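These numbers were taken from a predicted model, which means no experiment stands behind them.
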Amino acid sequence: MTIILSICVAVVFAVSLYLMTGRELKSIAMGVFLLGHAANLSIIAMSRTPVRHEPQLLKGAPILTEGFDPANPMSSIVDPLPQALILTAIVIGFAVMAFLLSLLVLTSRKTGTLSIEELGVVATQDD
Amino acid sequence: MELENFIILFIVIPMGTGVIGVLLKQRVHIARVLGVLSFLATSALAIGLLVHLRSDPAGILVSQMGAWPAPFGISVVFDSLSGLLLAASSLVALACYVHSFSTVDPVAEKRYFHPMVQLLMFGVNLAFLTGDLFNLFVSFEIMLMASYCLLTFGGTRLQMTQAYKYVLLNLVGSTLFVIGAGLVYGMTGTLNFADLALFVSERQARGEALPPGFAALSIALLLVFGLKGAIFPLWFWLPDTYYTCNVSIAGLFAGMLTKVGIYAIARTFPMIFAHGHSDAAKVVMPLLAISAAFTMFLGVLGAVSHHNIRRILAVHVISQVGYMVFGLALMTRVALAGCLFYMIQHMVVKSCLFLCCGIVERHTGTDDLDKSGGLLKRDTYLAVVFFIAAMSLVGLPPLSGFFGKLVIIREGWRESMWWLSIFGLLTGALTLLSMLKIWSYCFWSPSGESIERTPANMPNTSSLRPAYIGATLLVCVALFLGFGAQPVYEIAYRAGEQLAAPEAYIQAVLGPEVIENLARARAESAALATAAVEVTP
């Protein structure tokens with residue numbers, strides 16, 4: 001499972017890096033969004049059953065009682081924390097995506113282009 | 001009511017004011033009053049708590065959110081390091097905010113300017129207080145989001161096109177941060193700073209190696225924080241960013257944004273990622289030292305080569321960041337104290353210079369040095385304020401920059417990093433040169449020939465009153481840091497001690513009971529792991 005996930009992470013990373021080398025702001029933005037997904041996937045790949053200290057300290061906590069198999073406690077739970085991290089990262093990613101896309105729309109309205117070369121020329125002109 | 005409960009106010013006050021500010025979109029005056037009250041409240045609270053902590057033996061206040069025990073819930077920690085930075089940043093924010101009343105475009109002001117400043121400070125305060133790595137990421141994002149908005153406020157073409165550099169770079173940096181946080185969790189099973197520090201120091205005490213790849217992880221995080229802090233190879237986004245936005249906001253950015261990156265290094269590296277003599281430390285320390293030398297020296301050379309006040313000041317931020325990295329690279333407790341003192345004095349002084357630059361721009365209509373002049377006669381008060389701030393930046397003895405540089409450079413000499421100290425001294429001399437350049441062109445030279453004084457372009461001095469108030473406030477703080485360096489340094493030494501020997505921090509955040517539980521749990525899981533290994537073959 002981890003190997004499949006790590007191959008996925010590598011592919012998504014490669015695609016996003018390819019997109020980010022483009023000369024269009026749209027493709028760069030898409031590359032950045034994909035990079036965020038690659039990061040989330042890599043966190044999933046690192047999540048695992050808790051091995052260190054969670055069960056002892058969180059015994060009886062509601063988060064673990066549901067679906068808890070008393071016969072084999074270690075196999076029935078996964079670490080909830082990486083999933084909480086990913087959830088937070090996704091929400092933040094949404095906000096950033098919304099901001100970046102609206103910035104793209106505003107830029108193309110103001111300057112009429114989203115190509116990096118042309119924007120470099122436009123930047124030196126006055127409003 | 002216990003003192004710990006006050007800490008959360010640093011986060012709640014700016015957040016609440018920001019939310020109320022969204023509702024007060026059209027009522028600019030009420031929003032202004034509320035904003036000033038919010039910053040006054042946080043700075044008073046920070047100073048009050050710092051004064052209280054001076055007599056407190058532990059010196060660390062911890063609040064566990066929702067009463068979840070430390071390594072699982074979110075800890076909010078107020079120690080000497082975060083306290084000093086909170087006090088300085090709240091004062092700087094107050095001054096820049098007041099200054100912005102006379103520089104902000106009235107149309108732009110109604111586009112949620114006030115909530116954005118508050119949310120920026122919400123992110124900054126959270127970053128200074130938070131006790132775990134992922135929450136640090138969240139606070140970075142809040143702060144960056146607000147800074148993206150403030151950066152593109154005017155909506156001009158130049159701002160639009162320059163913003164991409166900053167926004168995209170920071171997005172990539174944030175993604176790297178998420179991956180880094182995930183890796184930290186995968187390797188150590190915790191994200192809490194205190195628990196991480198415990199993990200590292202326990203392993204070192206037992207002579208065990210850290211997990212494989214820990215050094216690579218340290219470098220990845222150094223890259224992330226270095227990008228935010230604009231250290232040597234990662235500083236190229238900074239000059240353009242500070243050049244295009246409103247001058248009060250540029251002052252606020254110059255005070256806050258880079259310092260938060262440096263703070264993140266100061267918080268995590270001495271305690272965790274480069275603690276003691278681990279492999280990670282052996283890689284990170286030389287990197288920091290080399291980066292410090294280049295950041296200081298190339299930054300100041302860039303500043304000398306520019307011929308435009310705002311660009312000189314912006315490039316100068318980089319050079320000053322180099323001194324802080326110098327302090328971090330030594331990582332002794334005296335050097336860390338020097339680094340902290342330098343950080344707060346630089347926040348105050350650099351923002352003050354930007355605020356002065358805003359007034360100069362209003363007087364002359366330009367920030368080109370060739371076209372301005374004669375300001376000494378026209379506005380003596382401004383000249384005095386600028387001179388004090390500029391000499392503090394250079395580090396002339398009774399002023400604040402001197403004490404910061406003195407401690408860092410002397411400590412560098414003692415730790416046999418003499419070449420870095422020489423770079424520091426050289427940079428100081430070139431700083432003087434670049435500040436004198438502004439001084440002689442802008443203030444000392446006879447009136448600029450190209451400006452014609454007509455009633456139309458005469459500055460409206462009454463509308464500049466808030467700008468003078470802001471600059472005066474900061475110059476007073478700078479003078480206090482110079483003449484009252486003793487009490488500030490006492491707190492800074494304490495912070496350096498807490499960073500270099502993290503036992504007190506670990507004890508305060510986790511508490512003896514949790515530490516005992518963790519030790520037992522670790523022993524059990526180690527026994528389980530060895531049992532599993534024996535079963536598998």
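Only the side chain of Leu191(B) comes within contact range of chain A, with at least one heavy atom under 4.5 Å from a heavy atom of that chain. Of the two parts of Leu25(A), only the side chain, counted from C-beta on, holds a non-hydrogen atom closer than 4.5 Å to a non-hydrogen atom of chain B. The part of Phe134(B) that comes within reach of chain A is its side chain, from C-beta onward, which places non-hydrogen atoms under 4.5 angstrom from that chain. Looking at Leu85(A), the atoms closer than 4.5 Å to chain B (heavy atoms on both sides) sit in the backbone and in the side chain alike.
Of the candidates Val178(B), Val138(B), Asn135(B), Val138(B) is the only one forming a side-chain contact (heavy atoms from CB on, under 4.5 Å) with Thr88(A).
Other residues, nucleotides and ligands contribute more than 12 heavy atoms inside 6.0 Å of the CZ atom of Arg206(B). Applying the 6.0 Å contact sphere to CD of Glu24(A) captures more than 12 heavy atoms from other residues, nucleotides or ligands. In the displayed structure, Tyr18(A) atom OH is contacted under 6.0 Å by at most 12 heavy atoms of other residues, nucleotides or ligands.
Judged purely by atom type and a 3.5 angstrom limit, Tyr185(B) has no side-chain atom pairing as donor or acceptor with the backbone of Ile43(A).
Residues meeting the ring pair (Phe, Tyr, Trp, His ring centres under 6.0 Å) test with Phe214(B), sequence neighbours left out: Phe273(B).
Considering only heavy-atom pairs separated by less than 4.5 Å from chain B, the leading option among Thr111(A), Ile116(A), Val96(A) is Val96(A).
Scanning residues 167-174 of chain B against chain A with a 4.5 Å non-hydrogen threshold yields Val167(B), Leu168(B), Leu171(B), Val172(B), sorted by number.
The CZ atom of Phe99(A) lies 11.0 Å from the CG atom of Leu144(B); values are rounded to the nearest 0.5 Å. For the atom pair CZ (Arg157(B)) and CG (Leu106(A)), the distance works out to 13.0 Å, reported to the nearest 0.5 Å.
Inter-residue side-chain proximity for Tyr164(B) and Leu103(A) is flagged as met; some heavy-atom pair is nearer than 4.5 Å.
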